K.L.:
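Structure incoming, see below.
So you know, we letter chains A, B, ... as the sequences are listed, proteins then strands, and number each from 1. Predicted model, so just to flag it, every value in this text is computed and none were measured.
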There are 2 protein chains.
Amino acid sequence: MHATVDDVAALAGVSTATVSRCLNDPDRVLPATRKKVMEAIRTLNYSPNFGARALASRRTGIIGAVVPTLENAVFAHGIDAFEHALPEGKFALLVASYGYDPQREREQIEALVARGADGLLLVGFDRDPAIYEWLAIRKVPYVLAWACGDAHPYAGFDNVAGIVAMVRLVLDLGHRNISMLSGLTAGNDRARNRLEGARALLAEKGLSFRGVAEVPYGLENGAKAFAELMADRAVTAVVCGNDVLAAGALRAAHRMGLRVPEDVTITGFDDIDIASITFPELTTVRVPHKRMGQEAAALLQQLIDGKSGQSILLPTKIVARGTHAPPPSCRNA
Amino acid sequence: MHATVDDVAALAGVSTATVSRCLNDPDRVLPATRKKVMEAIRTLNYSPNFGARALASRRTGIIGAVVPTLENAVFAHGIDAFEHALPEGKFALLVASYGYDPQREREQIEALVARGADGLLLVGFDRDPAIYEWLAIRKVPYVLAWACGDAHPYAGFDNVAGIVAMVRLVLDLGHRNISMLSGLTAGNDRARNRLEGARALLAEKGLSFRGVAEVPYGLENGAKAFAELMADRAVTAVVCGNDVLAAGALRAAHRMGLRVPEDVTITGFDDIDIASITFPELTTVRVPHKRMGQEAAALLQQLIDGKSGQSILLPTKIVARGTHAPPPSCRNA
DNA sequence: TTGTATGCGTTATCAG
DNA sequence: CTGATAACGCATACAA
């Protein structure tokens, strides 16, 4: 069927070992013989068998990424950047998603490892310790992203710091009756840290949320929850756990005839594309997704090469656009 | 190091063949022996070696997807649906992107095949015939998506029909001075078909575009090009090749103080999330991304199993929202 | 139903 | 720098 090393070796008049070297470590073979071999490879239209190579070399050049969903632009962009940062041709990216279901995440991790992944990119820290143990036993290097912590290698950011900065901004504007529209926190440390971080800052000021809603990712979920939160007429600001929820809230506000930011302040988190498409444009927390993907790729390669890579903490930043303002009570009528 | 079939076989008191069968074809082994084997597998924490399995069975269970970019929600969602439609555990998805660079697409395809992909999901029909030949020689099944045609198996839709329906709507509203804001058409049959399809319909009516801009994917590119297109004061409608460009155009319109749709009609294509977040919400062409991903997965599996799958053409549909209206000249002042 | 034996295509070790 | 050869771990005809 397909040409093998033997065919190539025969045609080039060398041994299979030399052919293999030409492919994997060209410098260790004389230019002259290399030329012969490469020519034989071309004429035979030869390409190495993946399984055989993986079996013999004990690595696949495949890196696995397990994310909640690609429907969330945050992960789609991060993965995209991650993939671009992988050394051309040396690695390929195996992508799996789990729809925010922890059980399914575990299966996906196992599936990728079973597929021979040399390393893994995972989202957040929150998962069954057994998974980390299993990974340790299998000696599969991994990098966590979109969060930070000292228990595992990561390339991420501090969700608490991000939300705290945002809530501080809202407080500084004069808001005291604030509600939070959070993503589902179960098994999601990013959402949980954002919610708890905000709560903690409020507590520090002797305040607490007027209301808290926890809803699944999605525009309509955000819209619906916002309407419910605003049933409390005292609320003057709604801090959202992510941009999609915030965009949904904004839409609901329009429908309800509420002016943003005059009647109500709405803030997001992530700074994905939609944040600058809404009207008015969304005030949100910028997360360096692209840079994070790149750093994660670099770190993971270190680990795969057996080096002891250094985790990296990226800064988040408030992007003040058009959906925030002082509460009505603090303004001249 | 890790347990192998031999270890398991020894512990369970059976042959390696039986162990292999337990994993790949459990029904062909007595429940009693199967139980013993499974137990041995568990206690030894055994999991099959990927390379060895691929080498011996001549398949990897890996499917490759090569898309322009995951930054485009269209592909992120399609890939997500595609992945979900793959039989759980049986296949894994290898994702590669090429940033709309044909040369790089070719490399990615080769890289995935070199990684042992059992089948491929590709975007559109436009590519060097040599690639198709190469795929044929290698006997790698593939399915094309986001387009249609009779030269290759596909699960997609008719870009021409989609844009024609939209332009017809614009014409019916009374617009005669129309411009088009298109994505880059080089090596992109989706963009090209949308542009040419629109042009053809206009020609049929004895009309032509007032202006045409061709720009790279991106919000700001759309905004900038829109401003240039509107330098021609006669233009009353701008048909866009995709939603992101349209959203950019909408933003530019706001900045320029143009009212949408009163002063100018703007239409999109794809119906991704942002289409319903803009203000006003975007009138666009809905593409069944999710369904397409599912159908593509089903078709590809047919082909991988050696059956002669049937291509499937999905319908597109106009979603009339808030960015279209008759031109000022057709309205009562 | 189960076991035996061989092949799968590379890489890597070790001489030369 | 190059060649011979032994793993690598599993699947699968074939035999029992």
K.L.:
Using the ring centroid of each side chain, check whether F50(B) and F50(A) are separated by less than 6.0 Å.
P.N.:
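Yes: the rings meet the under 6.0 Å criterion.
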K.L.:
Measuring from L11(B):CG to E39(B):CD, what's the distance to the nearest 0.5 Å?
P.N.:
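Answer for the CG-CD pair, L11(B) versus E39(B), is 8.5 Å.
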K.L.:
So does F125(A) get a backbone contact from the side chain of D189(A), meaning a donor-acceptor N/O pair under 3.5 Å?
P.N.:
yes
K.L.:
Between T16(B) and dA11(D), does any side-chain N or O lie under 4.0 Å from OP1 or OP2?
P.N.:
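Result: no.
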K.L.:
Nearest whole Å is fine: how far is dT10(C) P from N24(A) CG?
P.N.:
11 Å
K.L.:
Would you mind classifying the nucleic acid contact of R34(B) as base, sugar-phosphate or nothing, using non-hydrogen atoms under 4.0 angstrom?
P.N.:
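It contacts nothing in the nucleic acid.
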K.L.:
Starting at atom CZ of R59(A), determine the distance to atom C1' of dC8(D), rounded to an integer number of angstrom.
P.N.:
13 Å
K.L.:
Just how far, in rounded Å, is P of dA11(D) from CZ of F50(B)?
P.N.:
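Computing the F50(B):CZ to dA11(D):P distance gives 12 Å.
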K.L.:
Is the shortest side-chain N/O distance from N49(B) to OP1 or OP2 of dC8(D) below 4.0 Å?
P.N.:
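For dC8(D), OP1/OP2 do not have a side-chain N/O of N49(B) under 4.0 Å.
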K.L.:
Are S57(A) and dC8(D) close enough that a side-chain N or O sits under 4.0 Å from OP1 or OP2?
P.N.:
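Looking at the OP1 and OP2 atoms of dC8(D), neither is under 4.0 Å from any side-chain N or O of S57(A).
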K.L.:
Between atom CZ in R53(A) and atom P in dG9(D), what is the gap in whole Å?
P.N.:
18 Å
K.L.:
Which one, dA12(C), dA4(D), dG3(C), comes nearest to the side chain of R21(B)?
P.N.:
dG3(C)
K.L.:
Looking at every strand, decide which applies to V19(A) at a 4.0 Å heavy-atom threshold: base, sugar-phosphate, or nothing.
P.N.:
nothing
K.L.:
Just to be sure I understand the rule, does T4(A) reach a base, reach only the sugar-phosphate, or reach nothing, if contact means heavy atoms closer than 4.0 Å?
P.N.:
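Counting heavy atoms under 4.0 Å across all strands, the contact made by T4(A) is with sugar-phosphate only.
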K.L.:
Whole-Å distance between dC14(C) C1' and R28(A) CZ?
P.N.:
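After rounding, the gap between these two atoms is 12 Å.
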K.L.:
Taking only side-chain nitrogens and oxygens of T18(B), does any of them come within less than 4.0 Å of OP1 or OP2 of dT2(C)?
P.N.:
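Looking at the OP1 and OP2 atoms of dT2(C), neither is under 4.0 Å from any side-chain N or O of T18(B).
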K.L.:
Would you kindly give the CG-to-P distance between D6(A) and dT10(C), to the nearest whole Å?
P.N.:
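Roughly 8 Å, once rounded to whole Å.
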K.L.:
Measure from CG on D25(A) to P on dA12(C) and round the result to the nearest Å.
P.N.:
10 Å
K.L.:
Please compare S15(B) and A52(B) by the position of their nearest nucleotide in DNA chain C and report the one closer to 5'.
P.N.:
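Between the two, 5'-proximity favours S15(B).
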K.L.:
For V29(B), which contact category applies under a 4.0 Å heavy-atom criterion: base, sugar-phosphate, or nothing?
P.N.:
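Sugar-phosphate contact only - V29(B) comes under 4.0 Å of backbone atoms but never of a base.
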K.L.:
Taking for each residue the nucleotide of DNA chain D with the nearest heavy atom, is it Y46(B) or T33(A) whose nucleotide lies nearer the 5' end?
P.N.:
T33(A)
K.L.:
Quick check: do L313(A) and Y154(A) have side-chain heavy atoms less than 4.5 Å from each other?
P.N.:
yes
K.L.:
Parallel, tilted or perpendicular: which fits the ring planes of H289(B) and W146(B), with parallel below 30° and perpendicular above 60°?
P.N.:
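Because their plane-to-plane angle lies in the 30° to 60° range, the rings of H289(B) and W146(B) count as tilted.
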K.L.:
At less than 4.0 Å, is any side-chain N or O atom of R58(B) found next to OP1 or OP2 of dG9(C)? Yes or no.
P.N.:
yes
K.L.:
Roughly how many Å is it from CG in L30(A) to C1' in dT2(D), rounded to a whole number?
P.N.:
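After rounding, the gap between these two atoms is 9 Å.
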K.L.:
So what does L55(A) touch, heavy atoms closer than 4.0 Å: a base, only the sugar-phosphate, or nothing?
P.N.:
base
K.L.:
Looking at dA12(C), dT2(C), dA11(D), which one has an atom nearest to any side-chain atom of A17(A)?
P.N.:
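In terms of side-chain proximity for A17(A), the closest of dA12(C), dT2(C), dA11(D) is dA12(C).
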K.L.:
Using side-chain contact (heavy atoms from CB on, under 4.5 Å) as the criterion, point out the one residue from I63(B), D80(B), I62(B) that pairs with L93(B).
P.N.:
I63(B)
